[in-house]
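Everything below concerns the one structure shown next.
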Amino acid sequence: MSEQNPVPADPAEDLPEQMRVRRSKRDRLLAEGVEPYPVGYPRTATLAEVRERYTDLPIDHATGDTVGVTGRVIFIRNTGKLCFATLRDGDGTELQAMLSLDRVGADSLAAWKATVDLGDLVGVTGEVITSRRGELSVLAASWQITAKALRPLPVAHKPLSEESRVRQRYVDLIVRPQARDMVRTRATVVRSLRESLHRRNYLEVETPMLQLVHGGAAARPFVTHSNALDTDLYLRIAPELFLKRAVVGGIERVFEINRNFRNEGVDSSHSPEFAMLEAYQAYADYDVMAVNTREWVQEAAYALTGSHVVTHADGTEVDLGGEWRSVTLYGVLSEALGEEVTVDTDIAVLRRHAEKHDVSADPKWGPGKLAEELFEELVVPSLQAPTFVRDYPEETSPLTRAHRDTPGLAEKWDLYVQGFELGTAYSELVDPVVQRERFAAQAVLAAGGDAEAMRLDEDFLRAMEYGMPPAGGMGMGIDRLLMALTGLGIRETILFPLVRAE
RNA sequence: GGGCCGCUAGCUCAAUGGCAGAGCUGUGGACUUUUAAUCCAUAGGUUCGGGGUUCGAGUCCCCGGCGGCCCA
């Protein structure tokens, strides 16, 4: 950064006029002994509080009450002896400030006109009145810059380009109410999830993000290095193996909401770092976790809207209430293929289906993996309403218990909504001997060049060997949940998403 | 990784291969009731970077950067 942007000899030289003007105003204030960034302002009410306190005032009315308010100047309308400014608060509330010659005097009014630009933060103290047009206003007795903005605000009436919105989210937050709403929406949903789990006696824990062995999912990790230990470390791809250690230790209901990191693609539904809820419950199974997950999502929707119906950004209403559809993987796949396939169907038959439907198949894939690919290509896009898809092939579920009835299947479901995967759950595999065999099979895949294959985690196996109770476990992407609740892209749900260097 | 589209003033966008423009913003002026105030005047450009074709390139070609969409 410092190499590419050396500080010029005269910083003002290359700046656009608008920034030069604002910098010179700052200089002038300092020269006049006026602090452009004062330590505070005697605020007696937020703009929202003023609006709440004074409703239905008559037109052109003076209350006799004095308040001190602060806000960012988003509109300015100056006339000769009377100035109007619209202030906006952090919560988006707007209130008009008025400065009149007869109230503040000629010097103060002239200073306002000469100093205050769009985007400045100001404090105004004065009487609460309504204007002749009925607009609730603070008629200034005094005013002060609380922070001089050196950069001009973008045009308030045209949307910022998508790139600017993401790269300069602080500007997006200033000018676009929906950007601020998203921050609140996300906080509401995360808080709701935490409360849902706490109500059910789950304990929240934090497990390592820097790991010696990455595990718990099929994904490429980020690699980093510890100088003190002189060893490479991985940023976690999932908290699963540590949460299970906690279950072994007797934390029977445990969850974590935090970031995972996967060194993979970046697009409208994938971010290299993403927040996830993982929860484990001893003596439960994937059926229990399905009920839990549905309730937690429904409670989050309720926290947001007061009902189970959420409204997307494009105006469509989505009803997440009631029981959710539940199907089996091979059931919906058979339906889509028009021919029954099962976990025992020969891979040659599956390959024929793949060819027929133009699904490219890696010859290294086993029948389970191929069936899953067919499912993702042919079925997933149609899964708009929340749908649990159950009973995956054991082959692709190395951390999942074998199905209690059907050999070759695993007790796993994926939850789909609006055509994308929202979450997953297992009846957890707790037999350490079988777990070791599964890891061994994964190691073969890794040796064959599969970068997503799981690594053998000896310490995790040692924990399992002390005895892990039967348990159900689930994971759900927080960003994905926000997408499902709002209909927005993942980069809109993340406050500061990763972007390439400018 | 592949294909397509885009990148022009502070912001949002125009411009048949022929003088680089508009709106808002800014600057100067007028205005004591404005609501994206209005009126008059006015400034503002490395057209993402580099190379090429051409009398002449924002525009056409090549390489690179960044972003978006679709596909894998």
Side-chain angles (χ1 to χ4, degrees), chain A residues 4 8 12-25 28 57-62 73-88 94-106 108-110 112-120 126-127 129-140 149-168 170-172 174-177 220 263-270 354 357-362 365 373 376-377 380-381 419 451 488-492 497-502:
Chain A
Q4 280 136 14
E13 215 158 75
D14 282 341
L15 293 174
E17 181 194 17
Q18 299 193 40
M19 289 179 63
R20 286 200 309 271
V21 167
R22 286 163 184 257
R23 272 172 166 71
S24 71
K25 287 180 180 178
R28 199 199 69 226
L57 289 186
I59 285 173
D60 203 11
H61 177 79
V73 177
I74 58 163
F75 296 121
I76 284 186
R77 301 169 291 277
N78 290 344
T79 69
K81 301 188 180 69
L82 183 63
C83 297
F84 301 88
T86 305
L87 306 186
R88 185 145 71 199
E94 295 174 7
L95 189 69
Q96 179 167 273
M98 293 171 64
L99 292 92
S100 74
L101 177 65
D102 53 24
R103 199 61 78 101
V104 297
S108 180
L109 190 72
W112 171 272
K113 288 188 197 176
T115 308
V116 176
D117 292 308
L118 288 180
D120 289 354
E127 186 180 0
I129 64 162
T130 57
S131 72
R132 279 181 207 162
R133 293 288 179 87
E135 184 76 31
L136 185 64
S137 309
V138 175
L139 179 60
L150 297 185
R151 289 177 182 271
L153 240 37
V155 176
H157 318 291
K158 298 273 187 181
L160 268 185
S161 68
E162 194 168 341
E163 183 171 358
S164 302
R165 295 213 311 249
V166 170
R167 283 193 187 274
Q168 295 179 258
Y170 37 89
V171 177
D172 189 30
I174 290 170
V175 299
R176 198 168 59 95
R220 292 178 195 225
N263 205 344
E264 295 172 352
V266 184
D267 62 34
S268 55
S269 64
H270 293 82
H357 290 92
D358 219 20
V359 175
S360 56
D362 189 322
W365 290 348
E373 285 296 321
E376 281 177 24
E377 288 293 320
V380 166
L488 297 171
I490 197 166
R491 275 183 307 282
E492 297 295 318
L498 182 69
V499 285
R500 219 179 279 261
E502 282 177 82

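Because the structure is predicted, anything quoted here is derived from the model rather than measured. Chain identifiers are assigned alphabetically (A, B, ...) following the order of the sequence lines, protein sequences preceding nucleic acid strands; residue numbering begins at 1 within each chain.
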- Query: Roughly how far apart, to the nearest Å, are B/C40 and B/C4 at atom P?
  - Reply: 48 Å
Among the nucleotides B/C11, B/A72, B/C69, whichever has the atom closest to the side chain of A/Arg491 is B/C69
Using OP1 and OP2 only, check whether a side-chain N or O of A/Arg167 sits under 4.0 Å from B/G67.
yes
Checking N1-N3 plus N6-O4 or O6-N4 for Watson-Crick, or N1-O2 and O6-N3 for wobble, each under 3.5 Å, the partner of B/G1 is B/C71
**Asked** A/Ser137 near the nucleic acid: base, sugar-phosphate alone, or nothing, with a heavy-atom cut-off under 4.0 Å?
**Response** nothing
Picking from B/U32, B/U25, B/U33, the nucleotide nearest the side-chain atoms of A/Ser131 would be B/U33
Practice task
May I have the step-by-step check of side chain to side chain donor-acceptor pair (under 3.5 Å) for A/Arg23 and A/Gln18, ending in yes or no?
Solution key: CA-CA 9 Å; A/Arg23 272 172 166 71; A/Gln18 299 193 40; over 6 Å; no
pair_partner(B/G18), Watson-Crick or wobble, both distances < 3.5 Å, evaluates to B/C55
With distance as the sole test, does A/Glu264 use its side chain to make a donor-acceptor pair with the main-chain N or O of A/Arg220 at under 3.5 Å? yes
- Query: Does the salt bridge (charged side-chain N to carboxylate O under 4.0 Å, His left out) test come out yes or no for A/Glu163 and A/Arg491, once each step is laid out?
  - Reply: CA-CA 10 Å; A/Glu163 183 171 358; A/Arg491 275 183 307 282; over 6 Å; no
* **Pairwise C1' distance for B/C66 and B/A30, with rounding to whole Å** => 46 Å
Taking a pair to mean Watson-Crick or G-U wobble geometry with both distances below 3.5 Å, B/U38 pairs with B/A30
Please check the phosphate of B/A30 (OP1 and OP2 only) for any side-chain N or O of A/Lys113 closer than 4.0 Å. no
Whole-Å distance, A/Asp60 CG to B/U32 P, equals 16 Å
*asked:* Taking the C1' atom in each of B/A14 and B/U59, what is the distance between them to the nearest angstrom?
replied: 13 Å
With the side chain defined as heavy atoms from C-beta on, A/Pro152 is closest, among B/U27, B/A72, B/G10, to B/G10
- Considering only atom P, compute the distance from B/G23 to B/G64 and round it to an integer number of Å. 39 Å
Testing B/G10, B/U35, B/G67 for proximity to the side chain of A/Glu163, the answer is B/G67
Which of B/U33, B/U35, B/G10 is nearest the side chain of A/Arg77? It is B/U35
Please evaluate residues A/Ser108 and A/Arg103 with respect to the criterion side chain to side chain donor-acceptor pair (under 3.5 Å), reporting the C-alpha separation (whole Å), side-chain torsions for both, the decisive distance (0.1 Å), and the verdict. CA-CA 10 Å; A/Ser108 180; A/Arg103 199 61 78 101; over 6 Å; no
Rounding to an integer number of angstrom, what distance separates B/G58 and B/G49 when you compare their C1' atoms? 14 Å
note: A/Ile76, atom CD1; B/A36, atom C1'; distance rounded to Å ~ 13 Å
Notebook entry, point to check: Any side-chain N or O of A/Arg500 less than 4.0 Å from the OP1 or OP2 oxygen of B/G67?
Noted result: yes
- Task: Could you tell me whether A/Met98 contacts a base, only the sugar-phosphate backbone, or nothing, with contacts defined as non-hydrogen atoms closer than 4.0 Å?
- Result: base
Q. Can you find a pair of side-chain heavy atoms, one from A/Pro152 and one from A/Arg22, that are under 4.5 Å apart?
A. yes
Using Watson-Crick geometry (N1-N3 plus N6-O4 or O6-N4) or G-U wobble (N1-O2, O6-N3), each under 3.5 Å, B/U47 is paired with none
Using only side-chain N and O atoms of A/Thr79, determine if any of them is under 4.0 Å from OP1 or OP2 of B/A37.
no
Requested in this report: Compare side-chain N and O positions of A/Lys81 against OP1 and OP2 of B/U32 and report whether any pair is under 4.0 Å apart.
Outcome: yes
So, does A/Arg132 get its side chain near the phosphate of B/U32, meaning an N or O under 4.0 Å from OP1 or OP2? no
Against the side chain of A/Phe75, the closest entry in B/G10, B/A37, B/G68 is B/A37
Whole-Å distance, A/Leu101 CG to B/C31 P, equals 11 Å
Winner on side-chain proximity to A/Leu82, out of B/G26, B/U33, B/G23, is B/U33
**Message:** Categorize A/Ser161 for me: base, sugar-phosphate, or nothing, with a 4.0 angstrom heavy-atom threshold over every strand shown.
**Reply:** sugar-phosphate
A/Leu153 CG to B/G26 P, in whole Å, measures 10 Å
Practice item. With heavy atoms under 4.0 Å as the rule, sort A/Asn78 into base, sugar-phosphate or nothing. Key: base
Winner on side-chain proximity to A/Glu17, out of B/U33, B/U12, B/U27, is B/U27
